[in-house]
*Asks:* 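I'd like to ask you about the structure that follows.
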Protein chains: 2
Amino acid sequence: MFAATAFAQEPAAADAPAKPLSAQEILDASPDAHWRPLDPANTLYMELDSGRVVIELAPQFAPAHVGNIRTLAKEGFWDGLSIYRSQDNFVVQFGDPTEDEDERRSLGSAKAHLPAEFERPAAGLDFTVLPDADGWAPQVGFVDGFPAGRDPDAGIAWMAHCYGTLGAGRDMAADSSTGAELYVVTGQSPRQLDRNITVVGRVVDGIERLSVLSRGTGPLGFYEDPAQRTPIKAIRLASEVPEAERSHLEVLRTDSATFAAATEARRNRRDDWYKLPAGHIDLCNVPLPVREADTGDAG
Amino acid sequence: MFAATAFAQEPAAADAPAKPLSAQEILDASPDAHWRPLDPANTLYMELDSGRVVIELAPQFAPAHVGNIRTLAKEGFWDGLSIYRSQDNFVVQFGDPTEDEDERRSLGSAKAHLPAEFERPAAGLDFTVLPDADGWAPQVGFVDGFPAGRDPDAGIAWMAHCYGTLGAGRDMAADSSTGAELYVVTGQSPRQLDRNITVVGRVVDGIERLSVLSRGTGPLGFYEDPAQRTPIKAIRLASEVPEAERSHLEVLRTDSATFAAATEARRNRRDDWYKLPAGHIDLCNVPLPVREADTGDAG
C-alpha cells in the first residue's frame, strides 16, 4: 500500500466475513426504500460557470423564508447577481451587493418583511436523535435529512449550522432577513449561529463549487474588487426547470436503518487503518449520503 | 446597516462603556508580552505560486517526525513535488505521488522508519484547559498554541485535528509515516483521526492558499490528471531562509490572560447581533490569533 493513500475514508471492502461492515458497505447494501428523491418544489439549482449547486429547502423549519425564496427564484431575482463574499473557514454569501438600498434589485412579488424563523415547536417533527454529546444543544440529530438541535424541555427545535447549511443573512434586527441575501457554510461548523439566524436549507450537491472560491480580502471576506465576484447565471426551482435538465438525486433517509447503521460505523471505525475508534461523532461530522437516481443521469 | 454585512464576526466597537469587550477589542488592548514570535527552527515556509503558507511544527508532540521534517526541508525534499490530493471538507495532501516505491524521491539523510507519535505523556506540558464539553476527549485545550486533547486518568495528551492541522500520512501500520507525505485539514475537524496518526504541527498563516484548491475528482480527492496538481516551489525551514525573506509573525500565547478573555468573549457573544449567546465553544472553533510583528513587514 502506498503512503499517499494514507487515511482512506472508505477503505476497500475486506473479505473476512466476521468484520463489521464499513459505512460504504452498509450504503452499498441499502434497500431503495431507504432513499428518497428530492422534491422539485423544494429544490433550488444555482447555476454557476463551474456548474450546478443543488440545494434542498426546509419549509418545515422556515416556511415564510422558503416561500419568499420560491418567489424570488421564480421571478429570476438572483439571475445575473453574484457571490460577493467568501470568508475563509466560514461562509460564502450571495445576492445583491449594492450598498444603496434605493439602487438594489427589487424583490418583486416577494415580501419585504418576514418573521424571524430561528426555531420552531419540536412537536410534529420526526427527530432522529444522535447518541452523542454536544455542547451546543441539549439534543442533536436529524429531521428529514437536515442536521438539527432540540430542547426537549422547551419543546423547540432548530436547524444546525454545519458544512453546507444555507441561511438567510440579516441585519441587526432578528426579523430583518428576506431570503434574498443567502449564505452557505464552507468552514468549521459555526454552531454559535444556531438560533441566531434563519436557516433555510442545505447544499446537497456541488458544494465544492462554493468552497473553492477565492477568499475575499476585504473585512469579513467581502471581495474588494467587484470583478472578483462569482457571477450567478441563474437560481431556479427544480420544478420550474424542464424535466430533461433536472438533476435526479436521491438522499439517504435519515430516519432509515441504513442511516443509523452507517452513522454507527462512522462512530466506531473498525477498518484496519483505525487503531483507536472514537466511539463518538459530532453532528456536523455525520455524512449525509447522496446518489444519482439512475446511472444515465448527468446530475 | 446593509444586509450583505449580515453576521459580522467582529462588529464595530461599541461606545457604551458598560458593554463587555468583544474578542477583537480584547486583542487590540493586549500587551505585547501575550504574543510570541514563531521560532524559525520550528517554522516551515511552503512556497506556492499563489504565495507562502507558514507552518509551525510541534516537536513537543512529535520529536522524531519533526526531526525528519527538518532534515527533509534542509535537503529540499519537497522542492518541485506537489499537492496531489484535495478532498472536499477533509484534507489536502502533498509530497511525492509516485506509486512505484523504487521510483520515489530519496529521503536523503532523513530516516526511513520512525515510531508512531500519536500521543505523549501529559506531564511536562503546559495545558490550558478549555471549559467546554467535547465528546472526543476527556479534556481539550491548548498547548503552546496547538489544539490538544488530554486524558488525565491515563496521563496522556495528543494534538487534535482542527482546521489547519498538519499531520503525517501513513499506511496501515501505525509506524509507517516518515513525515515526507503530509496532509493539512481543510474541512470540518476530523477528530476521529486523533490518536490514530501523528500530528506534526499546524498552518499559522496562508491556509486559504490550500483550502481553495480544486477538489480532486479521483477517489479520496486524488487528482486524476497530474496536471491538476499544485506544484510546490519549495518547503524551507524559516531558519534556513535569509532574514530579509522571512515572515515575521507573532501568535497569541494560549496561556495568556488575553487568550482566555478572547475565548470567553467568543463563548458568549455579547454584541448586539447575537440574540442568544451559545455559552459554549468547540475546541476547533476557538480562533488562534496571528499578527505581523511589525507593520513594515511583508509576511
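The figures here come from the full heavy-atom set of this structure, side chains too, leaving out hydrogens, waters and symmetry mates. Note on naming: letters A, B, ... go to the chains in the order of the sequence lines (proteins, then strands), and numbering restarts at 1 for each one.
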*Asks:* Find out whether the Lys NZ or Arg CZ of A:Arg105 is both under 6.0 angstrom from the six-membered ring centre of A:Trp78 and within 45° of the ring's axis.
*Replies:*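 Pair A:Arg105/A:Trp78 does not count as cation-pi.
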
*Asks:* Could you check whether B:Thr217 and B:Glu224, counting side-chain N and O atoms only, form a donor-acceptor pair closer than 3.5 Å?
*Replies:*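 Side-chain D/A pair, B:Glu224 to B:Thr217: present.
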
*Asks:* Can you tell me which portion of B:Asn196 sits under 4.5 Å from chain A's heavy atoms? Options are side chain, backbone, both or neither.
*Replies:*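 Both the backbone and the side chain of B:Asn196 come within 4.5 Å of chain A.
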
*Asks:* With a 4.5 angstrom heavy-atom cut-off, is it the side chain or the backbone of A:Asp282 that approaches chain B, or both, or neither?
*Replies:*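 Both parts, backbone and side chain.
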
*Asks:* Please classify the contact between B:Ser189 and chain A as side chain, backbone, both or neither, with a heavy-atom cut-off of under 4.5 Å.
*Replies:*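 B:Ser189 touches chain A through backbone and side-chain heavy atoms alike.
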
*Asks:* I want to check something: taking the side chain as every heavy atom from C-beta on, are B:Gln87 and B:Tyr183 in contact at a cut-off of under 4.5 Å?
*Replies:*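 Side chain of B:Gln87 against side chain of B:Tyr183, heavy atoms only: no contact under 4.5 Å found.
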
*Asks:* Considering only heavy atoms, which portion of A:Asn89 lies under 4.5 Å from any heavy atom of chain B: side chain, backbone, both, or neither?
*Replies:*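 Contact with chain B involves both backbone and side-chain atoms of A:Asn89.
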
*Asks:* Assess the residue pair B:Glu101 and B:Arg104 against the criterion (salt bridge (Lys or Arg N to Asp or Glu O under 4.0 Å)); give the C-alpha distance rounded to whole Å, side-chain angles, the decisive distance to 0.1 Å, and a yes or no.
*Replies:* CA-CA 5 Å; B:Glu101 275 200 41; B:Arg104 302 184 74 188; 5.7 Å; no

*Asks:* Sort B:Phe118 into side chain, backbone, both or neither according to what part of it lies under 4.5 angstrom from a heavy atom of chain A.
*Replies:*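 Just the side chain, heavy atoms under 4.5 Å.
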
*Asks:* Where the side chain of A:Ser86 meets the backbone of A:Leu213, is there a donor-acceptor pair that is under 3.5 Å apart?
*Replies:*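 Yes.
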
*Asks:* Among B:Phe94, B:Trp136, B:Tyr163, which residue has the highest count of heavy-atom pairs closer than 4.5 Å to chain A?
*Replies:*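 Sorted descending by pairs with chain A, the first entry is B:Trp136.
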
*Asks:* For the interface with chain A, which of B:Ser211, B:Ala180, B:Pro219, B:Ala174 has the highest count of heavy-atom pairs at distances below 4.5 Å?
*Replies:*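 Winner by heavy-atom pair count: B:Ser211.
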
*Asks:* Checking A:Leu276 against chain B: side chain, backbone, both or neither under 4.5 Å from a heavy atom?
*Replies:*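 Both parts, heavy atoms under 4.5 Å.
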
*Asks:* I'd like to know if the side chain of A:Thr230 pairs up with that of A:Arg209 as donor and acceptor (distance under 3.5 Å, no hydrogens or angles considered).
*Replies:*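 No, no side-chain donor-acceptor pair sits under 3.5 Å.
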
